[in-house]
**Student:** 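I have a structure here, written as structure tokens, and I will follow up with some questions on it.
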Amino acid sequence: MLEIIDLHANIEDKEILKGLTLKINKGEVHSIMGPNGSGKSTLASILAGKEDYEITKGDILFNGESIMEMAPEERAQEGIFLAFQYPIEIPGVTNSYFLREALNSIRKSKGDKPLKPVEFVKIAKEKIKDLKMDESLLNRSLNEGFSGGEKKRNEILQMSILNPCMSILDETDSGLDIDALQIVANGVNANRGDDKSFLVITHYQRLLNYIVPDFVHVLIEGRIVKSGDKSLALELESKGYSWLEN
Amino acid sequence: MREELKIDNDQATKEMLESEEYKYGFTTDVDQEIFPKGLNEDIVRKISAKKNEPKWLLDFRLNAYKRWLRMEDPDWAKLNIDKIDYNEMSYYASPKKAPDSLDDIDPEILETYDKLGIPLEEQKMLEGVAVDAVFDSVSLVTTFKDKLAELGIIFCSFSEAVKDHEALVKKYLGKVIPANDNYFAALNAAVFTDGSFVYVPKGVRCPMELSTYFRINAENTGQFERTLIIADEGSYVSYLEGCTAPKRSESQLHAACVELLAHDDATIKYSTIQNWYPGDKNGKGGIYNFVTKRGNCVGKNSRISWTQVETGSAITWKYPSCILTGDNSVGEFYSVALTNNWQQADTGTKMIHLGKNTKSTIVSKGISAGQGQNTYRGLVKVGENAKDARNYTQCDSILIGDKCGAHTFPYIEIKNPSAKLEHEATTSKVGEDQIFYCQQRGMNEEDALSLIVNGFCKEVFKELPFEFAVEAERLLSVSLEGSVG
Ligand SMILES: Nc1ncnc2c1ncn2[C@@H]1O[C@H](COP(=O)(O)OP(=O)(O)OP(=O)(O)O)[C@@H](O)[C@H]1O
Ligand SMILES: [Mg+2]
């Protein structure tokens, strides 16, 4: 599904990703762990198509085709979703309106008819209930004044409504209370399927008890230095990262 | 101050903004009577004679004209304006066939209003909205007039009001905006041609939106309309004006006066969607819009609320104001002003607190794109006797690109120490992060920008009557995106 090949990326002449290679097949859940500043969010942003980075080398294939030249919205329309580490606020635009516009943009790209407000609200209300979120969050300005945890849950709400095939979750577990963690994990697990893949960026092994990954990778200084199964996360939890730094 | 966000002024944004198209730029080919160019006493007399006006009104005009000759045009606004030659335009234009009823209106003109989305024919009329259609210097027709008359509400063209309700017009004309108030008000008082007149009697709540649709069609002609709205004790009225003009390379002048008067416990809501031709992307042509709008809350517990969405005109100079004379009266000003390409706007409000416990709210949203210059200019004045006056002012500006400008000039004059004033101001650039977030969710850059800017204006749009809020959002998107309607 997603193939990252020897990716090198700079920001303001500083090399952040230094030859990153990773392959995620259909239906797989991969987790990336790594110290602060190692380049995890950078990778996520580049996958989503953010233009601030200079890609000096490498390629990204999605369903076998390079997406390097694709605009962010085209990638989104193809099914790449990023749950942001720091979700953005848009004052004056309700969560519900934003989500409907987003969903309808994706539908339009596929030649589907746009959903009417009533049709959309029905779906949104169902999903918001699954995530045990307060319905009133739909009618509030997008992320404005949302608590940290509400913002994170709202990213998962967006994911379950937009129904992407490749979801990248950037520290979605940070700032969640224990119950919320469980709910978010359930939300992710409910979206798991044979044709859906996940890249879960996290600092905490705890999340991986709930979202059990097929692979765990350690990203240090812009490179994947070790990969393993879920037990690697446990090992990191007890030993930290220093034993992996050269 | 909100965090300054960096805009990605890339090619796409630029192209998108440049390709703006003005959908109302067509002309209607009708046989018109147009006065010769130039302004002098004779022209003033001719306008008055054309309308069979009583002597007192002619005197009002002549008096204003004499004052105007001695006045200087204001230069304090942050506007770059070519000198206007007042003898290079005509002051009166009207379709030759004066219509007696709808059946008499030139089909070309009916079609014009259809195209503008304001059908005038009975079977097509907008539900719940009465319309006065002003075409250049004359009002063509006013819909739902009889239905409103049953409630004692007068809604008609200004010229008609002078004929049929002379006493009312005489009593109120020029009382809120004296003929010599300012350069453009004086000019208007001398040569105003038509506009709307509204009177809502005691205790009546006007059951529908009243609206005037101003259309400039004739070339080299100024439009000088005059509107007067009086809400008697305990009444309520919501009024809306819309404006468009053809696309022309020569600039045209529009200088209007609007006077509002609210008696005890009365409310007037006045909304404007100003979409005069803004000029082309090189700044050629476009309407010069100099408008004096003022309301007086003479009665206690009265309320006047101005809402304006200013997306058109090459130049906008207007400061809809409230004089809060009555105790506990309330003044409000909600404004969205957008300047794109070479448009300039210097707009804001004056809130003059005279009565006790008076309250005012100012919410101004300025959007600048292209080389647009957008200025908020506001005055909050609290008089000696205005005990416990309160004002809340919020001025937000948003910049799209890095060649445009936003400026804020809030003036305050306080003569009573019990006054409480709050002021908030923010300037931000449309966030690259916000646009990226929308794109990540599947929207293209144009849609994202329009979504963000519309969100920015939400507090103002929600003050518009529902039918028009939708129109305002659409208009804003068009002005930004360049999508041809
Ligand atoms: N716009 C920028 N300008 C300069 N440096 C940047 C910019 N964005 C990211 N960086 C740098 O790139 C490096 C990688 O940042 P990134 O956000 O990818 O780290 P991360 O692995 O997600 O860290 P964390 O675990 O703290 O979220 C950091 O050193 C960061 O300071
Ligand atoms: Mg990060």
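Nothing here was measured: the structure is a model prediction, and the numbers come from that model.
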**Student:** State whether the side chain of E445(B) and the backbone N or O of E73(A) hold a donor-acceptor pair below 3.5 Å, judged by distance alone.
**Tutor:** no
**Student:** Within this structure, what is the CD1-CG distance for the pair I90(A) and N454(B), rounded to the nearest 0.5 Å?
**Tutor:** 12.0 Å
**Student:** For the CZ atom on R303(B), are there more than 12 heavy atoms of other groups (residues, nucleotides or ligands in this structure) within a distance under 6.0 Å?
**Tutor:** no
**Student:** Checking heavy atoms, do the side chain of C438(B), its backbone, both or neither come under 4.5 Å from chain A?
**Tutor:** both
**Student:** For the residue pair Y437(B) and F98(A), categorise the inter-ring angle as parallel (less than 30°), tilted (30 to 60°) or perpendicular (more than 60°).
**Tutor:** parallel
**Student:** Based on non-hydrogen pairs under 4.5 Å, which of L162(A), D52(A), L82(A) is most in contact with chain B?
**Tutor:** L82(A)
**Student:** Sort N104(A) into side chain, backbone, both or neither according to what part of it lies under 4.5 angstrom from a heavy atom of chain B.
**Tutor:** neither
**Student:** Are any side-chain N or O atoms of Q77(A) and backbone N or O atoms of G442(B), one a donor and one an acceptor, separated by less than 3.5 Å?
**Tutor:** yes
**Student:** Would you say K129(A) has more than 12 foreign heavy atoms packed within less than 6.0 Å of its NZ?
**Tutor:** no
**Student:** Could you report the tightest heavy-atom contact between Q440(B) and I80(A), atom names first, then the distance?
**Tutor:** NE2-O, 3.0 Å
**Student:** Any heavy-atom pair between the side chains of I88(A) and F436(B) that's under 4.5 Å?
**Tutor:** no
**Student:** Crowded around K359(B) NZ? As in, over 12 foreign heavy atoms under 6.0 Å?
**Tutor:** no
**Student:** Examine whether an atom of L142(A) lies under 4.5 Å from a heavy atom of chain B, and if so say whether it belongs to the side chain, the backbone or both; otherwise answer neither.
**Tutor:** side chain
**Student:** So which part of A48(A) gets closer than 4.5 Å to some heavy atom of chain B, the side chain, the backbone, both or neither?
**Tutor:** both
**Student:** Which heavy-atom pair separates R441(B) from A83(A) by the least distance, and what is that distance?
**Tutor:** NH2-CA, 4.4 Å
**Student:** Among P164(A), P72(A), S45(A), which residue has the highest count of heavy-atom pairs closer than 4.5 Å to chain B?
**Tutor:** P72(A)
**Student:** Starting at CD of Q439(B), measure out to NZ of K50(A) and round the result to the nearest 0.5 Å.
**Tutor:** 10.5 Å
**Student:** Kindly state each residue pair satisfying side-chain hydrogen bond (donor to acceptor under 3.5 Å, both in side chains) with at least one member in residues 82-92 of chain A, sequence neighbours excluded.
**Tutor:** S41(A)-Q85(A), Q85(A)-E171(A), E89(A)-K151(A)
